[in-house]
Amino acid sequence: MLFSSLPDRVRLTEVGPRDGLQNEKIVVDTRAKIAFLTDLVDAGLQHIEATAFVNPRWIPPLADHAEVARATQQEPLAGRARFSVLTPNVKGYEGARAAGIDEVAIFLAASESHNQKNVNASTTEALARYAEVTDRARADGVSVRGYVSCVMGCPYEGVVPIQSVIDVAVRLMEMGCSEISLGDTIGVGNPRQTVNLIRAIKGSVDINRIALHLHDTRGTALANIAVALEEGIRSFDSAAGGLGGCPYAPGASGNVATEDLVYMLDGMGVASGVDLHKLVRASLRMEQVLGRQVPSKVVAALRGTVDDTAFSS
Ligand code: HMG
Ligand code: MG
């Protein structure tokens, strides 16, 4: 029977402070980012991707990565959640380490063209960079998460063969990644495709080490997560408010909203550890910073019913 073996709990990785803010037109003030992180922790999120140690000329909104990363080691954030950061190469890794970070994420597309645009390297070159990062991380006892992007389609190449996704995922696992997050970067996937992908990849990568990172560009993310739960996936990425996008993926919009995901999980009896109302307040406060409404449907439904002033002031 459908949904007869749902888990009691799933793991969420909150990517709002990184993926959510990297594509914003305005550069959010560092103090507002730290307040956002604090709100997210207060709402119960246990793993948060805080920023990216990428070239600030490429991603200006995250140019304050060192300051944000250091803040995660200080009051009121220190020790209250796991904070990871994106690192595209050894330079980024060293910056993250200097800021006290002990969990990083590396990212690579299953499509050659997207890698050229996003990390200015071929897939082979990028894998060589990441081998250096993972060697350093292993020696330092630093945990590394691996993203595979464009798993359901590429903005430049269109269809991406499942075998290309598996090949990149296996290489990242062999390098020592603790978890592989499969990214529908431009939000083109559907439930049937999601099931096919999971069934194909779980022969090569332990399903307990696979996460899904779904952008909700065409409104299919929750449907894809529902079937992924049924297929045994227990780890999902999302962004508060549904913020997000990749500047090197034309047409990509926000990640699945953490509120929308938590609402669905709560209703299905699957715990995530997140307090939905506190999370909505976090997104409402971020709306004030950004000067626009966030795309989350659940935030829209609860807007006006949640006091956005009395939280984490
Ligand atoms: P590059 O320009 O080819 O690098 O960038 P380079 O090695 O030729 O160096 C050029 C300059 O960049 C040098 O500075 C380096 O020091 C500097 P200069 O001497 O000219 O002053 N540089 C750096 N600066 C800061 N931090 C660094 C760094 N590395 C070199 N780490 C690079 C190559 C990979 C750095 C660049 O292409 C880059 O920053 N790309 C990041 C793009 C990005 O952040 N994209 C969005 C994240 S991925 C995503 O959103 C997808 C995901 O969400 C999953 C999904 O949705 O599927 C994860
Ligand atoms: Mg993304």
Side-chain angles (χ1 to χ4, degrees), residues 13-24 49-66 68-69 84-99 101 104-111 114-123 125-130 132-133 136 144-156 160 164-165 168-169 172 177 179-189 197 210-217 221 224 236-240 242-258:
T13 297
E14 168 62 43
V15 296
R18 192 278 301 171
D19 201 327
L21 299 183
Q22 72 184 11
N23 205 30
E24 285 296 328
E49 200 167 74
T51 185
F53 280 76
V54 294
N55 187 339
R57 280 209 297 273
W58 287 55
I59 309 283
L62 303 184
D64 60 352
H65 43 229
V68 171
S84 54
V85 301
L86 276 194
T87 53
N89 52 20
V90 165
K91 185 177 170 75
Y93 176 81
E94 287 176 343
R97 293 293 289 152
I101 292 290
V104 301
I106 58 180
F107 52 103
L108 191 66
S111 123
H114 190 263
N115 286 326
Q116 288 289 356
K117 302 271 188 198
N118 198 38
V119 291
N120 202 22
S122 68
T123 306
E125 287 163 347
L127 281 166
R129 287 181 190 168
Y130 288 139
E132 284 182 71
V133 173
R136 292 280 298 271
V144 184
R145 188 169 201 248
Y147 284 102
V148 185
S149 294
C150 300
V151 301
M152 309 266 198
C154 168
Y156 308 105
V160 172
S164 305
V165 178
V168 173
L172 294 179
C177 287
E179 184 172 69
I180 301 295
S181 182
L182 301 175
D184 184 5
T185 317
I186 53 171
V188 288
L197 175 64
I210 298 175
L212 287 189
H213 174 108
L214 306 181
H215 286 257
D216 200 23
T217 317
N224 296 342
F236 300 96
D237 300 358
S238 58
L243 296 168
C246 176
Y248 301 99
S253 65
N255 291 267
V256 66
T258 311

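In this chain, numbering begins with 1 at the start of the sequence shown. Note that ligands are numbered from 1 as they come in the structure, with each ligand's atoms numbered from 1 the same way.
- The only option from Ile210, Thr185, Leu172, Leu108 that meets the side chain to side chain contact (heavy atoms under 4.5 Å, CB included) definition with Val148 turns out to be Leu172.
- The nearest pair of heavy atoms linking Pro56 to Ala63 is CB-CB, 3.7 Å.
- Ligand 1 does not have Ala105 within reach: every non-hydrogen atom of the residue lies 4.0 Å or more from it.
- Within the coordination shell of the Mg ion (ligand 2), defined by N, O or S atoms under 2.8 Å, Asp237 is absent.
- Less than 4.0 angstrom separates some heavy atom of His213 from each of these atoms of ligand 1: 53 (O), 54 (C), 55 (C), 56 (O).
- Residues Ser111 and Val160 approach most closely at CB-CG2, 4.3 Å, considering heavy atoms.
- Taking every non-hydrogen atom of Asn89 and a distance limit under 4.0 Å, the qualifying atoms of ligand 1 come out as 27 (C), 28 (C), 29 (N), 30 (C), 31 (N), 35 (C).
- Summarising the geometry of Tyr147 relative to His213, their closest heavy-atom pair is CE2-ND1, 3.4 Å, with the distance given to 0.1 Å.
- Within the 3.5 Å criterion, the main-chain N or O of Asp237 finds no donor-acceptor partner in the side chain of Thr13.
- Taking the Mg ion (ligand 2) as the corner point, the angle from His213 atom NE2 to His215 atom NE2 is about 90° (rounded to 10 degrees).
- Applying the 4.0 Å criterion to heavy atoms of Asp19 picks out, from ligand 1, the atoms 53 (O).
- Asp184 contributes no side-chain N or O that, together with a main-chain N or O of Met152, makes up a donor-acceptor pair within less than 3.5 Å.
- Asn89 and Gly92 get closest at one heavy-atom pair: OD1-N, 2.9 Å.
- Of all protein heavy atoms, the one lying nearest to atom 14 (O) of ligand 1 is Arg57 NH2, 4.1 Å.
- Of the protein's non-hydrogen atoms, the one nearest atom 50 (O) of ligand 1 is Gln22 NE2, 2.8 Å.
- Checked by atom type and distance alone, the side chain of Asp216 never pairs as donor or acceptor with a backbone atom of Gly254 at under 3.5 Å.
- If you look at His65 next to ligand 1, there are no close heavy atoms at all, none under 4.0 Å.
- When all heavy atoms are compared, the tightest approach of Trp58 to Lys117 is CZ3-O, 3.2 Å.
- In this structure, CZ on Phe236 lies 10.5 Å from CG on Asn224, to the nearest 0.5 angstrom.
- Contact annotation: the side chain of Ser122 approaches that of Gln116 to within less than 4.5 Å [non-hydrogen atoms, C-beta and beyond].
- The shortest contact between atom 2 (O) of ligand 1 and any protein heavy atom is with Trp58 NE1, 3.5 Å.
- Taking atom 51 (C) of ligand 1 as the reference point, the nearest protein heavy-atom neighbour is Ser149 OG, 3.7 Å.
- Near Ile59, meaning under 4.0 Å from one of its heavy atoms, ligand 1 places the atoms 43 (C), 44 (O), 45 (N).
- Judged by distance alone, the side chain of Glu14 and the main-chain N or O of Ala240 form a donor-acceptor pair under 3.5 Å.
- Protein non-hydrogen atoms do reach within 4.0 Å of atom 29 (N) of ligand 1.
- Proximity of atom 8 (O) of ligand 1 to the protein is not indicated, since no non-hydrogen protein atom lies closer than 4.0 angstrom.
- Inside a 4.0 Å radius of atom 19 (O) of ligand 1 there is not any protein heavy atom.
- Remark: atom 12 (O) of ligand 1 lies closer than 4.0 Å to at least one protein heavy atom.
- Among protein heavy atoms, the minimum distance from atom 58 (C) of ligand 1 is reached at Arg18 NH2, 3.4 Å.
- His215 contributes no side-chain N or O that, together with a main-chain N or O of Ile186, makes up a donor-acceptor pair within less than 3.5 Å.
- For Asp19, the N, O or S atom closest to the Mg ion (ligand 2) goes by the atom name OD2.
- Close approach of ligand 1 to Phe53 (heavy-atom distance below 4.0 Å) involves ligand atoms 26 (N), 27 (C), 31 (N).
- Arg18 forms no cation-pi arrangement with Phe107, by the criterion of a distance under 6.0 Å to the ring centre and an angle within 45° of the ring axis.
- The backbone and the side chain of Val54 each have at least one atom closer than 4.0 Å to an atom of ligand 1 (non-hydrogen atoms only).
- Ala121 and Ala126 make their closest contact through CB-N, 4.1 Å (heavy atoms, listed as atom of the first residue, atom of the second, distance).
- The protein atom (non-hydrogen) at minimum distance from atom 16 (O) of ligand 1 is Lys91 CE, 3.2 Å.
- Proximity to Phe107 (heavy-atom distance under 4.0 Å) selects the following atoms of ligand 1: 48 (S).
- Taking every non-hydrogen atom of His215 and a distance limit under 4.0 Å, the qualifying atoms of ligand 1 come out as 56 (O).
- Taking every non-hydrogen atom of Gly92 and a distance limit under 4.0 Å, the qualifying atoms of ligand 1 come out as 31 (N).
- Closest to atom 57 (O) of ligand 1 among all protein heavy atoms lies Thr185 OG1, 2.6 Å.
- A side-chain donor-acceptor contact under 3.5 Å links Asn255 to the backbone of Leu243.
- Using a 4.0 angstrom heavy-atom cutoff, Asp184 does not count as in contact with ligand 1.
- In this structure, atom 1 (P) of ligand 1 lies nearest to the protein heavy atom Asn120 ND2, 3.8 Å.
- When the heavy atoms of Asn55, Val119, Asn118 are ranked by distance to atom 40 (N) of ligand 1, first place goes to Asn118.
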